[in-house]
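Accompanying notes for the structure given below.
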Amino acid sequence: MPRVFADGCVTVHIFNMAEITKSYEPKDVEDKWYAAWQEAKCFAGRAAPGQETYTIVIPPPNVTGILHMGHVLNNTLQDVLIRRARLEGKAACWIPGTDHAGIATQTMVEKHLKKTEGKGRRDLGRDEFLKRVWTWRDEKGDHILRQLRQLGCSCDWDRTAFTMDADYSRAVLTSFVKLFNSTDAQGRSHIYRGKRMVNWCPASLTALSDEEVEMRPTKGFIYKLRYELVEPSTTKGAEGNVMPLTHLTVETTRPETIPADVALAVHPDDERYKHLIGKTVWRPLGERVQLPIVGDTAVDPVFAAGVLKVTPAHDKVDFEIGQRHKLPVIDLLNADATLNDLAGPALAGMERFAARKKSAELLRESGALIEEKPYENNVGYSQRAGVPIEPRLTQQWWLRYPRIEEAKQVVRDGLIQMHPERWSKVYLNWLENIQDWCISRQLWWGHRIPVWYAKGIDREKLTEADLRDPKKIHVSLDGPADPENWEQEDDVLDTWASSWLWPFGTLGWPDAEAQKAANFDAFYPTTTLATGADIIFFWVARMIMAGLEFANPGAPVEQRIPFKHVYFNGIVRDKQGRKMSKTLGNSPDPLDLINAYGADGLRFGLLQIAPLGQDVKFDESRVEAGKHFCNKLWNACRFRQMSGEMADNSSLAAILGRVDPAHLDDDDHALLGALLDTMATLEKSFAGFEFAGATQRLYSFFWNDFCDWYVEVAKARLQEPAAKAHVLAVQDLVIREFLLMFEPFAPFITEELWHLLGYGAEKSFVQETRIETAAGLVALFAKRGVTVDAAATGRVEQLKQFSTLARELKADQSVAQKRDVKFFALAGQPEWHALEKNLSKLARLVGAAEISRTTEKLSLPATVTSLGTLYLDTGVQVDPAAERARLTKEIHALNKHIVGTEARLSNEAFTSKAPPAVLEGARKQLADQQAKRAELERLLAAVQ
RNA sequence: GGACCCUUAGCUCAGUUGGUUAGAGCGUUUCCUUGACAUGGAAGAGGUCACUGGUUCGAGUCCAGUAGGGUCCA
């Protein structure tokens, strides 16, 4: 379909060798090529026998999520890796998918339900509610996967997985059953059920794992309270004097829990109180009862007055103290953190924070409150719901992690490498202090735990032994044969207890047939996991343990690990350094950026600010620069097309066949040298996951080495009939190799240009081409009789400096734009020889009518180059004073460097200890600087 | 309290085994629409590399400490 641009330019997209337009318009190109790639199924992970594979599993985004900048960075990185692997000839497989995200999704649907129908989930019942969630997922889900296509992600979409898929669910339940039936090193079942203190989220009404709790400093109050002794006593003061004692002073931030106090605790060695152990105090709030004073080493005698109120139901430490002293448990909180009747009539029914205020008032009235002062302490918040969690004693399912030691060892041994390496320390530290994992959630959306209780059994009172009694508990994938006698567990599994199977669950595990169909043997272990360090515990560590436990059982450890490399990308932050988040509204919509700058521009721009594992502040100007770079590439190719007839570009051999070794000049050699260097740099960058370095080199190679210099100097050579075909061949070669290197970073524009310049046949794609290694290209050059002359780079560098100095001189003389000026070079024979060969292109570059040799010293403005003194004849009278000032300034600047170099060289320690190359470099530098200064001084003296 | 990271130009960032005069993009100053590209070209200004000390012939780079910022774990 013809497209008319604003400037009236009309373009028609035909498949091959169309005329290149004036500027790059990403939209059409992106849509067209993505559709073509998909149609050709060229992202399919297919491995020939023996072919090296490269596998990535996507960190599955929430099924109802939308693309944000973090996804863009993370997925661009994965796409860069997978596309590069394809170009290297590996069987690349990138498995996409989504996570059912239990709490997040259920909360979202519940909110929607409330808003549209005014109902809660319990009004609908479990089955009906789940139907609604699935409908929601079908309507709103996978949006993010479509967005990833717009970014250019080359996932194998036929493998798209979802953690709630039937197959995947079966994998999740299988893992549960296997862990339930297996034991750890101490012979204990990996999975058990127990009434323990958990992190309870009063908003989501479920237990959370420790990892889902976030400690936040929170401003509140601390209340200093009197607990009256039933029998007054004495205590020892600071000087050992005996003083009367009528009450104990307790400080607490949670006075509303006093009705649940069952004791006071003091340190057993505390001289002030140890004689009181066994005595009693009056509870100051709630039912007026006597509380025992117990001695426990968990009490910090230095904190506050050294007396702790013991509230076993509402604090983890208190619970443990309660257990040690066989104290009762009074739970006065409901699931939603309102107070129940045990709190007493004054507080019952109140919300916890209101109850806190109320109880402080009551205590003040009764005289028990001594003081109330502002206080900041760390409070655990539900990461998802953002409310303070409550420690709560409930029955939950727990996992004793399998393979903890092995999981440490594979990282220590380098079988799994983390990039940057420092994260392995964080990982190991977590494993050293690992706690059992609370895997049950009181939700409906998720994998329902495959446990059935015999009807009529009291679930609250089941013992460890009962759990192993098949008459009381049934655990299996498909449930009991006589379902009428059983009731299934209501809880579902933590979302992470499904996604920890992701690297093999997406490859067919545990079904042998499915594994074969997915080519599990070729693609597992996966190669690289790219993710954020914020989920190193949630996901990375757990996947490693799961892989070791379940994948390729019995095989050597290197076949069981889930991945070989973990690349931690940084977190994308806003200009103020804040995390980008929906609530802050500080994240630009990536699709807006794609519309404004093109997907390639966004990808390239973001990678330029994404150093290894460091957080990045998002800077839109980088994305704009990415777009500009694409446009530069586009126009360089456009210029190539306009410079001469296109010849056979269909293969590297064909292009090399058009390169004429007899016509290779210094510029060709320098350019090919830079190309080889860029290729080598990329090879090194990919090996070390250093993307910023790779993008920088690509940028400078193409823009500076190729466009700014080679293309400009080649303009003169293109006028020579004998050299023209050769020069075009060199350009075709370099553009081809550049497109191959650039394709992983900018797949759309490279694909388009690849075809426009005839590198690829119709219905073929860049990624089907094998990229050469630098060494491989050197060998191909050699076959063609070409040896890249490394010394040419230095000679070209001299010419670059020469033109810069010539332009600078013109600018100084205010004739920067005049093109009819004359230059005279006062040069020795070798210098003139170097210049003579390049006069036409130099004249063109600097904008001169003529550059010629002079053997006489002239009275003209001049500059000193490494190829001789260069005089500029503008035809206009110069101002001697200004000339003297200019030369003096330059001499002054040069002097500073000479002084420094002289000082170094006159230091005997330096001359005796520095390596010869460094020493020689310094000597040569000094000689050059001194010669230049001498010449500048001569010029200065000559100005009259 | 423990661990880790960061501090380089006005802004965002490179700078991987220590070695000429520390780089890029954006911004900024001057000049330029010359047939690839103004999404461009040319020339320029702009840095005590947070601070202090140490190791070394030589430190942005290595070591120790200080200050500020950030993250994780308790």
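Here is the naming used below: chain letters follow the sequence lines, and residue numbers restart at 1 for every chain.
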Nearest-nucleotide comparison on RNA chain B, the residue closer to the 5′ end among A/Val918 and A/Asp210: A/Val918

When you match A/Ala816 and A/Thr901 each to their closest nucleotide on RNA chain B, which lands nearer the 5' end? A/Thr901

Pair [X] + [Y], salt bridge at N-O below 4.0 Å:
X	Y	answer
A/Glu432	A/Arg412	yes
A/Glu214	A/Arg216	yes
A/Lys627	A/Glu624	no

Quick one: label [X] by what it contacts on the DNA or RNA (base, sugar-phosphate, nothing), any heavy atom closer than 4.0 Å.
X	result
A/Lys425	sugar-phosphate
A/Ala636	base
A/Lys715	base
A/Arg622	base
A/Gln929	base
A/Glu712	base

Measure [atom1]/[X] against [atom2]/[N] and give the value in whole Å, please.
X	N	atom1	atom2	answer
A/Ile571	B/G70	CD1	P	14 Å
A/Phe604	B/U12	CZ	C1'	16 Å
A/Leu753	B/A36	CG	C1'	13 Å
A/Tyr699	B/G23	OH	P	17 Å
A/Asn433	B/C72	CG	C1'	13 Å
A/Asp574	B/U12	CG	P	11 Å
A/Arg697	B/G23	CZ	C1'	13 Å
A/Phe702	B/A24	CZ	C1'	18 Å

Name the closest nucleotide to the [X] side chain, picking from [options].
X	options	value
A/Pro915	B/U16, B/C72, B/G19	B/G19
A/Gln696	B/G19, B/A14, B/A36	B/A14
A/Phe537	B/C72, B/U56, B/G19	B/C72
A/Met642	B/A36, B/C57, B/A3	B/A36

Would one find more than 12 heavy atoms of other residues, nucleotides or ligands at under 6.0 Å from atom NZ of A/Lys822? no

Can you tell me how far [atom1] in [N] sits from the matching atom in [M], rounded to whole Å?
N	M	atom1	answer
B/G23	B/G44	P	13 Å
B/U28	B/C11	C1'	12 Å
B/U7	B/U52	C1'	15 Å
B/A64	B/C5	P	11 Å
B/A50	B/A14	P	14 Å
B/C4	B/G47	P	35 Å
B/G1	B/C62	C1'	29 Å
B/U21	B/G58	P	15 Å

Please report whether the ring centroid of [Y] lies less than 6.0 Å from that of [X].
X	Y	result
A/Tyr710	A/Phe701	no
A/His419	A/Phe568	no
A/Phe537	A/Tyr427	no

Tabulate protein N/O versus nucleotide N/O from nucleotides 39-43 of chain B, keeping only pairs under 3.5 Å, one per line.
from  : atom 1 : to       : atom 2 : distance (Å)
B/U39 : O4'    : A/His628 : NE2    : 2.9
B/U39 : O2'    : A/Asn631 : ND2    : 3.0
B/U39 : O2     : A/Asn631 : ND2    : 3.2
B/G40 : OP1    : A/His628 : ND1    : 3.3
B/G40 : O3'    : A/Lys632 : NZ     : 3.2
B/G41 : OP1    : A/Lys632 : NZ     : 3.3
B/G41 : OP1    : A/Trp703 : NE1    : 2.4

I need the single residue from A/Gln930, A/Gln925, A/Lys924 that forms a side-chain hydrogen bond (donor to acceptor under 3.5 Å, both in side chains) with A/Asp928. Which is it? A/Lys924

Enumerate the residue pairs fulfilling side-chain hydrogen bond (donor to acceptor under 3.5 Å, both in side chains) with a member in residues 907-916 of chain A, sequence neighbours excluded, ordered by first and then second residue.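 Output for this query is empty, none listed.
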
Find out whether the Lys NZ or Arg CZ of A/Arg736 is both under 6.0 angstrom from the six-membered ring centre of A/Trp754 and within 45° of the ring's axis.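 Cation-pi check for A/Arg736 and A/Trp754: fails.
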
Is the positively charged end of A/Lys632 above the ring of A/Tyr699, judged by distance under 6.0 angstrom from the centroid and angle within 45° of the axis? no

Which heavy-atom pair separates A/Thr865 from A/Leu870 by the least distance, and what is that distance? CG2-CB, 4.3 Å

For B/C37, take OP1 and OP2 only and decide whether either is under 4.0 Å from a side-chain N or O of A/Lys22. yes

Between which residue ranges does RNA chain B form stems of three or more consecutive Watson-Crick or G-U wobble pairs, both distances under 3.5 Å?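 If one scans RNA chain B for consecutive Watson-Crick or G-U pairs, the stems found are B:1-7 with B:67-73, B:10-13 with B:23-26, B:28-32 with B:40-44, B:50-54 with B:62-66.
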
